[in-house]
Trainee: 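Here it is, the structure, as structure tokens.
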Amino acid sequence: MAVRRAAPPAWGLMAVLAVGVAGYALSFQFRGIDAFGVELLASFYRRPWAIWFHMVFGAIALVAGALNFRHDLRRARPAVHRRIGEAYVLASWIGAAAGLWLAMFAFGGLASRLGFSGLALATLVTTTMAFAAARRRDFPTHRAWMIRSYALMLAAVTLRLQLPVLASALQGFAPAYVIVAWSCWVPNLIAAEWIVRATTRRPGATPRAPSPATPRSLPA
């Protein structure tokens, strides 16, 4: 039987925020497009199917990605980890493709359009790189690209945390939206890159022996 470690607090916070924002995104099915703010209504009404694909599959990717960062799930149930990962990749591709289409008409002009287009393209690229690495069983590379991909997916969370603060500070939705088109994902990607570099074992490095006090998995 295996000794299971409790999920770290950071994962718990990330999962709560991801599930909360996913639920908010899916709520438009019940509340209608009007729930997302008068500034965005014109664009949303012209492209309802793009909004549907972006919201629904983005929500799926948020939840699937959070689940797949549970190390105990990956170790104990690799087949489940793989299936959830496949769902994440497919949902990310569809959500990001819809987001790229919507970005071409984003509120706020060219600056917003470039910001959200960059987010969508970066999500497509990082997710594809993660998928390709998994297919060739290069799991260290897969892990690095998946961290980058999910950091970009979490832009949905950081956008909703930042936007009301920026709108209040700048006394207007329009200037806040232009800033958040970039600030919701660029810092996330920088943080992801720092995590990748800080946690990637250097070639030739000798792994440290586990501390006797550290719980270890026991064979079944």
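All values below were derived from every heavy atom in this structure, side-chain atoms included, with hydrogens, water molecules and symmetry-related copies excluded. As the structure is a computational prediction, the values presented were derived from the model and not from experiment.
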Trainee: Ignoring hydrogens and geometry, is there a side-chain-to-backbone donor-acceptor pair from N68 to H81 under 3.5 Å?
Mentor: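 Looks like yes, one N/O pair under 3.5 Å.
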Trainee: What heavy-atom pair brings Y88 and M146 nearest, and what distance separates the two atoms?
Mentor: CE2-SD, 3.4 Å
Trainee: Using atom types as modelled and distance alone, determine if a side-chain donor or acceptor of H54 lies under 3.5 Å from a backbone N or O of A98.
Mentor: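 Not a single qualifying donor-acceptor pair exists.
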Trainee: Which pair of non-hydrogen atoms, one from A130 and one from H142, has the smallest distance, and what is that distance?
Mentor: O-ND1, 2.8 Å
Trainee: Look at atom CZ of R136 and say whether more than 12 heavy atoms of other residues, nucleotides or ligands are closer to it than 6.0 Å.
Mentor: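 It does: R136 CZ has more than 12 such atoms within range.
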Trainee: Can you tell me how far the CD1 atom of I60 sits from the CD1 atom of I84, to the nearest 0.5 Å?
Mentor: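 The distance works out to 13.0 Å.
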Trainee: Would a 4.5 Å heavy-atom cut-off, applied to side chains only, mark L67 and V80 as touching?
Mentor: no
Trainee: Taking side-chain contact (heavy atoms from CB on, under 4.5 Å) as the criterion, tell me which of L17, V21, V180 meets it with R160.
Mentor: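 With R160 as partner, L17, V21, V180 yield a single side-chain contact (heavy atoms from CB on, under 4.5 Å), made by V21.
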Trainee: Can the ring centroids of F116 and Y177 be said to lie less than 6.0 angstrom from one another?
Mentor: yes
Trainee: With a 4.5 Å cut-off on side-chain heavy-atom distances among I, L, V, M, F, W and Y, is there a chain of contacts connecting L124 to W145?
Mentor: no
Trainee: Quick one: CG on L121 to CG on L114, what's the gap to the nearest 0.5 Å?
Mentor: 10.5 Å
Trainee: Y24, V165: one ILVMFWY side-chain cluster at the under-4.5 Å cut-off?
Mentor: no
Trainee: Assign the ring pair W52 / F57 to parallel, tilted or perpendicular, where the plane angle (0 to 90°) is split at 30° and 60°.
Mentor: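 The arrangement is perpendicular - the two ring planes meet at more than 60°.
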Trainee: Check the hydrophobic clustering (I, L, V, M, F, W, Y; side-chain heavy atoms under 4.5 Å; chains of links allowed) and say if L170 and F173 are grouped together.
Mentor: yes
Trainee: Which heavy atom of I195 sits nearest to which heavy atom of T199, and what is that distance?
Mentor: O-OG1, 2.6 Å
Trainee: CG of L110 to CZ of R113: how many Å apart, nearest 0.5 Å?
Mentor: 7.5 Å
Trainee: Using 0.5 Å steps for rounding, measure from the CG atom of L152 to the OG1 atom of T123.
Mentor: 4.5 Å
Trainee: Keeping W101 on the side-chain end and A97 on the backbone end, is there a donor-acceptor pair under 3.5 Å?
Mentor: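 Absent.
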Trainee: State, with a plain yes or no, whether a side-chain heavy atom of V125 is found less than 4.5 Å away from one of S149.
Mentor: no
Trainee: Heavy atoms only: give me the nearest C184-T158 pair and the separation to one decimal.
Mentor: O-OG1, 2.5 Å
Trainee: Hey, could you give me the CZ/CZ distance between R137 and F139, rounded to the nearest 0.5 Å?
Mentor: 4.0 Å
Trainee: Is there a chain of hydrophobic side chains (I, L, V, M, F, W, Y, each step under 4.5 Å between heavy atoms) that links M129 to L90?
Mentor: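 In one cluster: no.
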Trainee: Just by modelled atom types, is the V196 backbone N or O under 3.5 Å from a matching donor or acceptor in the T200 side chain?
Mentor: yes
Trainee: Applying the 4.5 Å side-chain criterion to the ILVMFWY set and letting contacts propagate, would F69 and F131 be lumped into a single cluster?
Mentor: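 Yes; tracing contacts between hydrophobic side chains, which count when under 4.5 Å, links both residues.
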Trainee: I need the minimum non-hydrogen distance between A167 and A176, along with the two atoms involved.
Mentor: N-CB, 3.4 Å
Trainee: Under the 3.5 angstrom rule, does the side chain of Y150 hit a backbone N or O of L62 as a donor-acceptor pair?
Mentor: yes
Trainee: For residues L159 and W185, determine if any side-chain heavy atom of one lies less than 4.5 Å from a side-chain heavy atom of the other.
Mentor: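 They are not in side-chain contact.
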Trainee: Quick check: does any side chain N or O of E193 sit under 3.5 Å from a backbone N or O of R148, one acting as donor and the other as acceptor?
Mentor: no
Trainee: Would you find a donor on one side and an acceptor on the other, under 3.5 Å apart, between the side chain of W182 and the backbone of S112?
Mentor: no
Trainee: Mind listing the closest non-hydrogen atom pair of V178 and A111 along with its distance?
Mentor: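 Where V178 meets A111 most closely, the heavy atoms are CG1-CB, 3.7 Å.
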Trainee: If you round to the nearest 0.5 Å, how far is CG of L189 from CH2 of W194?
Mentor: 15.0 Å
